[in-house]
Amino acid sequence: MNNEVDVSKLTFEQLKKVRAYLKKMIEVGGSDLHIKANAVVRARINGNIVQFSGGIFSKDDALTFAKELLKGRFAEFVEHKELDLVYPYDEFNRFRVNIFFQMDGVSAVFRVIPVKIPSFEELHLPDIVKSFTQKERGLVLVTGVTGSGKSTTLAALINEINLKKKKHIITIEDPIEFVHKDRGCIINQRSVGQDTASFSNALRAALREDPDIILVGEMRDKETINLALHAADTGHLVFSTLHTIDAKETINRIIAQFPTDEQNRVRLSVAGVIQGVISQRLVPTVDGGRRAAMEILVRTPTIEKLIMENRDYEIRDAIEAGKDHYKSQSFDQSILDLYNSGIISKEQAMENATSASDLELKMNGLSSGNITKDPNASSGNATAQSNNFDDVFDLK
């Protein structure tokens with residue numbers, strides 16, 4: 001395969017075809033466009049994959065499309081076999097793109113990036129989430145499976161700070177999705193691969209760049225986690241994401257990244273800096289849209305103690321107990337509120353609950369605390385449901 005692309009010889013016919021599909025997807029409110037060699041073009045509409053084309057996108061067409069899309073970066077794509085980038089369709093629409101090789105040739109997925117940063121009200125975020133923007137230091141994590149709206153929530157948090165405060169914010173992302181303009185704050189956005197070699201490199205450098213707030217797109221490895229904890233411990237407010245399904249697993253995942261002999265130190269560090277964990281699941285609503293159910297851990301003396309003493313299994317109970325006083329909430333409490341408000345159906349509530357049996361008791365006005373549980377029973381179907389939330393926030 002010739003890795004060098006002569007742009008002058010490209011007709012851009014395949015890219016024009018894909019742009020037509022992107023236009024169609026924008027018009028119908030879809031979230032993802034799937035291009036695959038030797039297959040029809042498909043899109044994700046309200047969470048469901050639907051066919052978008054009648055004809056096959058051939059292997060040669062897909063390879064030509066890759067050259068037309070990437071141009072001078074095609075050689076990099078061939079070398080690494082996959083590539084992330086942002087594709088600006090027009091001044092109103094941008095897409096996060098992952099293009100990759102698979103057994104039949106080239107595939108690509110285009111995900112819509114809203115140009116307008118949605119407000120807390122449009123996202124229906126609980127008031128306690130906004131309180132995290134008032135913190136001066138510490139670590140705030142937004143977690144969930146791919147497509148659960150983590151980037152959207154982070155963008156809303158950063159936008160709130162930008163509008164209300166005068167700070168220096170550094171974001172480290174892969175790639176940059178929401179573009180923030182300087183309002184009250186100075187915002188420097190850095191893209192991994194383009195503006196910096198890695199999250200850890202950029203985070204290490206950020207500590208010398210006079211930041212008040214640092215957004216780390218993802219805590220992918222031990223070094224990045226260590227640096228983020230250090231930054232939070234030295235007077236910075238750090239926002240980041242993890243691909244975890246709830247608050248308890250988030251704490252476990254961070255600590256498990258380290259060797260056994262370091263885990264106690266890390267546990268103490270996490271307990272000392274954590275300000276909150278926002279875990280998200282997108283749940284289909286009765287009107288055909290989607291709404292985020294959120295588990296929200298809020299730093300309290302009890303939470304800090306449980307983390308320090310390796311009693312993570314008690315975190316969910318502590319979150320539920322703090323709902324009235326601290327405004328924390330478990331997934332099942334969030335889902336129950338959505339169900340009681342008529343936003344989601346009972347079927348969706350049960351399907352997306354952490355513990356469907358406990359949720360049903362709560363729906364019937366009973367407390368699961370009065371029921372003797374089998375300690376070996378499954379904690380619910382949250383893990384099985386993880387891959388159902390493959391969409392961006394729907395603002396309907």
Side-chain angles (χ1 to χ4, degrees), residues 29 31 44-48 118-131 142-145 147-150 152-153 156 244-250 276-298 315-371 373 377-396:
S31 63
R44 186 179 295 277
I45 313 295
N46 283 331
N48 298 314
S119 67
F120 279 77
E121 291 71 28
E122 287 173 312
L123 295 177
H124 307 284
L125 299 180
D127 290 340
I128 188 63
V129 173
K130 186 180 289 189
S131 74
V142 181
T143 83
V145 300
S148 58
K150 299 185 294 296
T152 308
T153 298
T244 51
I245 62 171
D246 58 25
K248 176 178 69 68
E249 186 191 338
T250 299
V277 178
I278 306 162
S279 298
Q280 305 186 176
R281 299 174 191 166
L282 289 183
V283 182
T285 58
V286 294
D287 64 359
R290 288 186 173 228
R291 182 72 67 86
M294 290 186 163
E295 178 165 284
I296 303 173
L297 176 149
V298 179
I315 285 177
R316 192 176 77 180
D317 289 340
I319 289 172
E320 292 194 341
K323 190 175 194 299
D324 292 335
H325 188 68
Y326 296 108
K327 308 304 178 185
S328 59
Q329 62 184 32
S330 68
F331 268 122
D332 287 359
Q333 286 175 321
S334 176
I335 288 171
L336 182 61
D337 287 345
L338 292 173
Y339 168 70
N340 286 338
S341 299
I343 295 168
I344 64 174
S345 66
K346 182 174 183 179
E347 178 185 5
Q348 287 296 338
M350 301 298 286
E351 185 176 340
N352 291 288
T354 297
S355 174
S357 57
D358 284 357
L359 180 62
E360 189 162 26
L361 289 172
K362 290 172 183 174
M363 286 177 172
N364 295 326
L366 300 173
S367 170
S368 61
N370 297 326
I371 307 297
K373 294 183 182 180
S378 169
S379 61
N381 59 356
T383 302
Q385 292 299 325
S386 292
N387 291 327
N388 283 356
F389 304 96
D390 195 18
D391 206 349
V392 295
F393 262 112
D394 189 323
L395 303 181
K396 294 177 181 177

Steps toward side chain to side chain contact (heavy atoms under 4.5 Å, CB included) verdict (L123, T152):
CA-CA 9 Å; L123 295 177; T152 308; 3.7 Å; yes
Partners of N340 by side chain to side chain donor-acceptor pair (under 3.5 Å), sequence neighbours excluded?
none
Donor-acceptor side-chain pairing of S334 and E295 below 3.5 angstrom:
no
Approximate separation, where rounding is to 0.5 Å, of E249 CD and I315 CD1
11.5 Å
Please report the shortest heavy-atom distance between S148 and V145, naming the atom on each side.
OG-O, 2.7 Å
Sorted by chain and number, sequence neighbours left out, side chain to side chain contact (heavy atoms under 4.5 Å, CB included) with K130 holds for F120, E121, T133, E160
Do the side chain of D332 and the main chain of S355 share a donor and acceptor less than 3.5 angstrom apart?
yes
Sequence neighbours left out, what pairs pass salt bridge (Lys or Arg N to Asp or Glu O under 4.0 Å) with at least one residue falling in residues 334-347?
K323-D337, K346-E360
Indicate yes or no for a side-chain donor-acceptor contact from K327 to the backbone of I128 under 3.5 Å, with no hydrogens or angles considered.
no
Salt-bridge contact E320-K362 (side-chain N to carboxylate O under 4.0 Å):
yes
Under a 3.5 Å cutoff, is there a donor and acceptor pairing between the side chains of T285 and D287?
yes
Counting only heavy atoms not in N364, do more than 12 fall under 6.0 Å of its CG?
yes
Could you walk me through whether I343 and H124 pass side chain to side chain contact (heavy atoms under 4.5 Å, CB included), step by step?
CA-CA 12 Å; I343 295 168; H124 307 284; over 6 Å; no
Without hydrogens or angle criteria, can the side chains of R281 and T354 be said to hold a donor-acceptor pair below 3.5 Å?
yes
Got a sec, which residues hit side chain to side chain donor-acceptor pair (under 3.5 Å) with T250, two or more places apart in sequence or on another chain?
T244
Residues passing the side chain to side chain contact (heavy atoms under 4.5 Å, CB included) test with A349, sequence neighbours excluded, are I335, Y339, I344, L359, M363
